[in-house]
Each structure stands twice: as structure tokens, then as C-alpha cells.
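Structure record follows, encoded as C-alpha cells.
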Amino acid sequence: MRRLFIGLLLLGMSAQAWAWRCNGWIIEEGQTKFDVDQKCGDPQSGDRRTEWRLVTNFVPNCQTQFESIRMPDGQGGMRVVNQPRTFCVQVPVQSTVPVEVEEWYYSDAGHGNVPKLLRFENGRLVFIENLWNQRNMN
């Protein structure tokens, strides 16, 4: 039963590849465009564009408040001292940033091989997709 579950899970995720063997090299997410080009050569085609993404960063927002605290005055009495206390919270700040996206297409290199679409963001490989429907069936 466990094998059946794992098999179905892998079948459902088969459109995305975590790694790809190209010219004897393993290509995986995180590699640079330069590394992939050196190992696999030029892609058959490619596309380049800029996408704008909304990102959220958290910045500290701190405020100091004074609390009145009663303390011994050293002469048997009490005195009131204003003690500073600082409270900080993380405030979300959203901004729009450019992301340089490139998609490279490597075609079917022979019978039974599956074409690949590689997606780079800001020069790093973030996604490898198997294009099963474009496979050469000769």
C-alpha cells in the first residue's frame, strides 16, 4: 500500500523535475545560467522578460516609554524614578521589486528523450519542467 501511495505521488509530480542529466552533468535548481550553459550548451530557444513582484520585508519599529518605579532612596524612604522601557515590534513593509526571468527550452535530443523548460530568476535556476506532450515519439 505504501508503494502504491509513493508511486501515485511521484506520478502526480512528474511534470516538474528536480534535476536533469545533461551531457553527463547533473543540472539542478540553484545553479547559475553560466553553469548550465557551460554544461549543456546553448538552448534551442529562450525568452527573457522582467516581472514585478510584491515582496514583504519586516522592519523593527521601536518606541521608548517611561514607567514610574518606586525605589528605596537609601535613607529609609522611597523615591519615584522614571525608568525607560523600549518596546519593539516588526512592521511589514511591502515593496515591488523587479525579477529578471529567463526561460530556456532544450528540445528532444533523440528518441524517447523529454524536452525541458528551464526557468531562471535573477540568474539562478529555479525550475525544471518536463514537457512530456512535446516528446519525439518516432
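Just so you know, these numbers use all the heavy atoms, side chains as well, and skip hydrogens, waters and symmetry mates.
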| Counting only N and O atoms by type, is there a donor-acceptor contact under 3.5 Å from the side chain of N122 to the main-chain atoms of E100? |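 Yes; at least one donor-acceptor contact below 3.5 Å.
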Check whether any side-chain heavy atom of [X] lies under 4.5 Å from a side-chain heavy atom of [Y], and answer yes or no.
| X | Y | value |
| --- | --- | --- |
| N57 | P92 | no |
| Q94 | V55 | no |
| Y105 | L131 | yes |
| L125 | I27 | yes |
| N130 | W20 | no |
| D73 | M78 | no |
| N82 | E67 | no |

For the residue pair [X] and [Y], what are the closest heavy atoms and their distance?
| X | Y | result |
| --- | --- | --- |
| E121 | V99 | CB-CG1, 3.9 Å |
| G41 | Y106 | O-OH, 2.7 Å |
| V80 | R70 | CG2-CG, 4.2 Å |
| I26 | A19 | CG2-CB, 4.0 Å |

Got a second to check how far [X]'s [atom1] is from [Y]'s [atom2], nearest 0.5 Å?
| X | Y | atom1 | atom2 | result |
| --- | --- | --- | --- | --- |
| I69 | R79 | CD1 | CZ | 11.0 Å |
| Q63 | R85 | CD | CZ | 14.5 Å |
| F87 | Q65 | CZ | CD | 5.0 Å |
| Q31 | D37 | CD | CG | 12.0 Å |
| L117 | S107 | CG | OG | 12.5 Å |
| E51 | R53 | CD | CZ | 5.0 Å |

| field | Pair K39, N23: side-chain N/O donor-acceptor within cut-off below 3.5 Å | value |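 There is no such pair (donor and acceptor under 3.5 Å, judged by atom type) between the side chains of K39 and N23.
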| said: Checking C88 against T86 for the side-chain contact (heavy atoms from CB on, under 4.5 Å) test, could you report, in this order, the C-alpha distance in whole Å, the side-chain angles of both residues, the deciding distance, and whether it holds? | reply: CA-CA 7 Å; C88 295; T86 302; 4.1 Å; yes
| How far apart are the C-alpha atoms of W25 and D35, what are their side-chain angles, what is the distance that settles it, and do they pass the side-chain contact (heavy atoms from CB on, under 4.5 Å) test? | CA-CA 10 Å; W25 296 95; D35 289 339; over 6 Å; no
| task | Determine, step by step, whether S68 and V81 satisfy the side-chain contact (heavy atoms from CB on, under 4.5 Å) criterion, reporting the C-alpha distance in whole Å, the side-chain angles of both residues, the deciding distance to 0.1 Å, and the verdict. | result | CA-CA 6 Å; S68 297; V81 176; over 6 Å; no
| said: Quick test of your reading of the model: are K33 and E103 salt-bridged, counting only N-O distances below 4.0 Å? | reply: no
| said: Apply side-chain contact (heavy atoms from CB on, under 4.5 Å) to residues V59 and Q90 and explain how you reach the verdict. | reply: CA-CA 5 Å; V59 295; Q90 297 290 330; 5.5 Å; no
